[in-house]
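Read the structure below first, then the notes.
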Amino acid sequence: MTVDETAVEERVRAFLARHDPAATPPLDFLRARFDAGLAWVHFPEGLGGLGAPRELQSVVERALTGTPQHDVGRLAIGLGMAAPTILAFGTEEQKRRFLRPLWTGEEVWCQLFSEPGAGSDLATLATRAVRDGDEWVVDGQKVWTSGAHFARWAILVARTDPDVPKHQGLTYFVCDMRAPGVEVRPLRQITGEAEFNEVFLTGVRLPDDLRLGAVGDGWRVAQATLMNERVAIGGAPGRRGGGMLAEITETWRNRPELRTHDLHRRLLDLWVEAEVTRLAGARLREQLAAGAPGPEGSGVKLAFARLNQALSGLEVEMRREEGLLYDDWTFRRSESVDFFGRGPGYRYLRAKGNSIEGGTSEILRNIIAERVLGLPAEPRADKNVPWKDLPR
Amino acid sequence: MTLLYSEVEEELRAAVRDLLADRCPPAAVLAGAESAPGRDAELWKALARDIGAAGLLIPEDLGGAGASAREAAVVLEELGRAVAPVPFLTSAVMATWALVRCGGDAARELLGELAVGETTAALAVSLATSPYALSTPPAAVRAEAGRLTGRVTAVAGADAADLLIVPASGALYAVDAADAVVEVVTSLDLTRPVAMVTFDGTPGRPVGADLAPLRAALAMGAGLLASEQLGLAEWCLATTLAHVKERHQFARPIGSFQALKHRLADLWMEIVQARAAARGAADALARTPGAGAADEGGAGEVALAVAVAQAWCGTAAVHAAEECLQLHGGIGMTWEHPLHLYLKRAKADEIALGTPGDHRDALADLADLPAPLPA
Ligand SMILES: Cc1cc2nc3c(=O)[nH]c(=O)nc-3n(C[C@H](O)[C@H](O)[C@H](O)COP(=O)(O)OP(=O)(O)OC[C@H]3O[C@@H](n4cnc5c(N)ncnc54)[C@H](O)[C@@H]3O)c2cc1C
């Protein structure tokens with residue numbers, strides 16, 4: 001039986017009748033919400049969902065406005081990337097072990113993919129995982145790892161077979177960030193703070209039951225993560241005029257002395273672009289209701305990055321003298337990932353990362369060109385060569 | 001008129017570049033950005049005195065070099081290329097040009113000190129002041145019987161200045177910076193932070209009877225800022241080219257991907273245009289007589305050249321810095337790599353002395369392209 005809007009509303013009512021949001025400790029409330037299937041309705045029953053169409057999530061969110069929430073900025077990688085990957089490739093045991101604390105925020109996740117030598121060309125990564133009985137021993141270096149300093153678990157891609165072409169010798173793991181041999185060092189960002197890190201993995205032992213998917217199938221699993229990541233970054237549901245647009249439109253409305261014809265024209269252009277991007281995201285989510293995101297999801301992430309950069313850049317310019325200021329350069333390790341917070345200067349600088357993180361805009365254009373439009377790929381020298389023989 | 005560089009200009013460039021290579025490498029600027037934002041007093045001394053950059057725009061009879069905006073522009077290209085934390089634009093261009101245009105004994109005496117780099121000055125106006133927004137004088141500071149009271153925000157170069165040139169009650173006053181309160185505020189641009197300057201019954205000596213010199217100084221500043229933006233953009237392009245040749249992904253240099261080649265070819269062309277526009281503005285400004293007004297047609301030509309240069313170069317510099325960041329990937333988002341200093345300077349420069357939009361608006365008149373009729 002498919003669950004419809006009325007059924008979801010009924011579920012929320014029943015849940016709220018049993019768990020008073022004002023009287024229940026926040027964590028208990030979130031756990032109960034997960035157990036009631038109201039965490040992510042498109043997940044299966046028993047795993048925080050109702051097996052319902054994805055777009056009904058908005059019904060839940062509306063009905064539960066004002067109740068205790070988890071910190072989406074802090075949990076973004078868990079919610080947007082780890083969870084759908086675990087759901088698609090994890091064993092029953094892994095799903096039961098990881099999904100609930102992931103969603104409630106009891107366990108934060110990070111993403112150990114990029115390396116100094118492997119960014120856009122992720123499949124060339126060099127971190128090794130070598131089997132030792134029931135365990136894997138991992139050695140290597142990861143970089144740009146957002147939130148590694150507060151993460152309990154990581155999704156990790158490592159090379160298990162250097163003798164086959166690069167896409168074939170990869171395996172996907174869950175990495176215990178508390179395991180001996182995991183060392184996290186902050187990397188300071190242009191905003192002044194350190195959101196991301198370098199992570200050194202030295203003789204880290206992971207039990208085989210932390211492997212996600214088959215040995216050698218890591219590229220396929222990672223693709224699922226990345227497709228989800230792009231939809232998570234770019235395709236999150238938003239209201240009309242929300243997100244980065246909200247900041248600049250508020251300034252525009254409240255500060256008539258800053259208005260000029262030139263800025264007005266440009267703001268209107270961006271407003272339209274934001275609105276059509278929002279609608280494209282909404283349409284994509286409807287299409288996704290049925291299945292896993294495909295390469296089309298790259299489009300919304302591409303548009304999201306462009307828009308955030310254009311809007312935040314325009315806001316700094318529009319504010320003139322205030323645009324010359326910055327709130328605080330003090331070095332600190334951030335506790336969450338925040339695209340829209342703080343002042344206009346911060347927003348402008350942080351938005352620069354939007355076209356790099358989760359696949360650069362150039363790589364996303366290649367994906368759209370080759371996998372959506374079906375254009376031929378460039379001739380490649382690195383596809384059928386054993387990884388160990390690739391020029392580096 | 002020429003848009004090329006003269007031999008003298010190239011020699012000056014080489015001297016400045018050598019000094020900066022020696023004394024102001026990116027790592028040093030980055031380190032200084034936090035410990036002493038926007039200030040390298042030793043470097044400034046060497047530039048101002050040893051190279052004589054402080055006196056470039058000052059007539060020879062006052063101890064200056066009697067050079068022109070063209071030479072000052074070349075210095076600014078190099079300072080932009082190094083995001084050098086020195087007050088050349090604010091002191092040796094803007095404050096100096098205001099005093100040159102004031103004429104008069106008081107101004108001339110101060111110019112003598114500025115020429116030898118003994119004194120550093122700043123104009124006490126917001127860096128965000130548009131040269132076109134001055135038809136009504138800024139009312140931030142009042143003058144009464146030689147005492148100034150009021151506050152000016154977002155003043156660039158004030159922290160390095162001994163002398164402030166202050167517009168107050170429709171005239172210009174010279175104030176010892178030590179008598180005012182100068183508070184540097186946390187700024188987007190780490191290499192040219194702005195300050196809040198407060199006067200509270202502060203003694204000021206009249207140096208200019210009206211604000212015409214201030215307007216001239218803002219126009220000179222805006223026109224020459226284009227050269228700083230040019231130098232900055234050139235550094236970004238050069239640094240990006242070096243990176244994309246070096247960095248390999250997919251078993252080849254990323255610069256071999258046509259998508260990036262085309263982007264960089266476009267950026268190169270944008271900078272070619274920026275260079276021509278910046279040179280055009282410098283050349284036009286160089287032909288403005290040092291004192292008194294130019295003839296009407298001439299003044300229009302200068303204003304047009306300045307507006308064109310600013311409308312183009314402000315955007316080009318930001319674009320170059322943004323491309324530089326993007327094509328560096330993750331490294332571009334780090335504090336450790338100096339390119340963020342360029343991005344922050346470029347973004348602040350876009351606001352400085354009129355936004356590109358202000359300069360385009362000005363072109364409505366200057367290029368005779370009237371705005372649409374009101375609906
Ligand atoms: C804020 C931020 C947070 C991040 N968080 C994480 C994280 O939590 N976990 C994680 O694993 N990674 C993370 N990353 C890393 C991110 O995924 C990589 O930076 C990104 O994939 C690019 O890799 P790179 O930095 O090595 O750049 P490179 O791959 O070296 O790219 C440099 C430039 O070359 C271009 N380029 C590369 N190949 C091509 C091509 N074929 N055609 C055209 N252009 C090309 C790129 O688009 C880019 O402009 C984060 C990055 C940022 C900026």
Side-chain angles (χ1 to χ4, degrees), chain A residues 114 116-121 123-124 143-144 166 187-196 260-263 266 309 313 316-331 343-345 348-350 352-353 355-357 360-363 365-366 378 380-382 385 390-392, chain B residues 33-34 37 126-130 153-154 156 185-190 192-194 247-252 254 256-260 263 314 318 321-322 325-337 339-341 343-344 347-348 350-352 354-358 360-361 364 371-372:
Chain A
S114 306
S120 296
D121 183 12
T124 205
V143 73
W144 323 127
K166 62 181 184 180
L187 280 174
R188 193 176 184 189
Q189 266 150 290
I190 62 173
T191 54
E193 61 187 30
E195 211 179 66
F196 56 31
T260 69
H261 289 294
D262 172 62
L263 293 166
R266 287 156 70 197
Q309 292 173 351
V316 171
E317 187 186 334
M318 179 176 117
R319 287 189 182 235
R320 294 180 181 263
E321 195 173 297
E322 293 155 34
L324 296 173
L325 310 181
Y326 196 75
D327 59 348
D328 188 5
W329 292 117
T330 314
F331 176 57
Y348 172 69
L349 295 172
R350 183 60 188 81
K352 294 283 165 266
S355 55
I356 300 171
E357 59 202 318
T360 68
S361 291
E362 291 72 38
I363 293 301
R365 289 188 189 99
N366 282 344
E378 290 198 26
R380 283 180 69 161
D382 60 338
V385 185
L390 285 175
R392 246 180 290 282
Chain B
E34 274 193 289
S126 165
L127 184 63
T129 308
S130 157
T153 46
V185 290
T186 307
S187 304
L188 179 65
D189 183 355
L190 289 159
R192 183 156 60 209
V194 292
R247 170 75 171 166
H248 281 63
Q249 289 286 273
F250 307 97
R252 55 193 266 198
I254 55 174
S256 70
F257 290 111
Q258 208 168 55
L260 301 196
R263 290 255 291 269
V318 172
E322 291 181 343
L325 194 159
Q326 176 65 19
L327 298 186
H328 275 75
I331 299 164
M333 278 299 282
T334 61
W335 188 271
E336 208 178 316
H337 195 292
L339 73 81
H340 65 99
L341 301 174
L343 177 68
K344 290 162 187 174
K347 196 64 191 169
E350 184 182 46
I351 295 168
T355 62
D358 297 336
R360 279 194 296 269
D361 281 348

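Just so it is clear: chains get the letters A, B, ... in the order the sequence lines come, proteins before strands, and each one is counted from 1.
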Option that, when pairs with chain A are counted at under 4.5 Å, heavy atom only, ranks first among [options]:
| options | value |
| --- | --- |
| B:M333, B:H340, B:R360 | B:M333 |
| B:D189, B:V194, B:I331, B:D361 | B:I331 |
| B:L339, B:I254, B:D358 | B:D358 |
| B:L325, B:L341, B:L127 | B:L325 |

**Report entry** Parallel, tilted or perpendicular: ring planes of B:H328 versus B:H337, cut at 30 and 60 degrees
**Finding:** perpendicular

Problem set entry | Residue B:L188 versus chain A: region with a heavy atom under 4.5 Å |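 Contact with chain A involves both backbone and side-chain atoms of B:L188.
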
Under 4.5 Å to a heavy atom of chain A? For B:A154 that would be both

Please check if any side-chain donor atom of [X] sits under 3.5 Å from a side-chain acceptor atom of [Y], or the reverse.
| X | Y | result |
| --- | --- | --- |
| A:T330 | A:D328 | yes |
| A:S355 | A:Q309 | yes |
| B:S126 | A:E321 | yes |

Can you see which heavy atom on [X] is nearest to which on [Y], and at what distance?
| X | Y | value |
| --- | --- | --- |
| B:A251 | A:D382 | CB-CB, 3.9 Å |
| A:R320 | B:A128 | C-CB, 4.2 Å |
| A:S114 | A:W144 | CB-CD1, 3.9 Å |
| B:T334 | A:F196 | CG2-CZ, 4.0 Å |

Measuring heavy-atom distances to chain B, does [X] have an atom under 4.5 Å in its side chain, in its backbone, in both, or in neither?
| X | answer |
| --- | --- |
| A:Y348 | side chain |
| A:E378 | side chain |
| A:D121 | both |
| A:N366 | neither |
| A:R188 | both |
| A:L349 | both |
| A:R319 | neither |
| A:P344 | neither |
| A:A123 | neither |

*Is a donor on one side and an acceptor on the other found under 3.5 Å between the side chain of B:Q249 and the backbone of A:G119?*
yes

- Are any of the side-chain nitrogens in B:E322 or A:K352 under 4.0 Å away from the carboxylate oxygens of its partner? yes

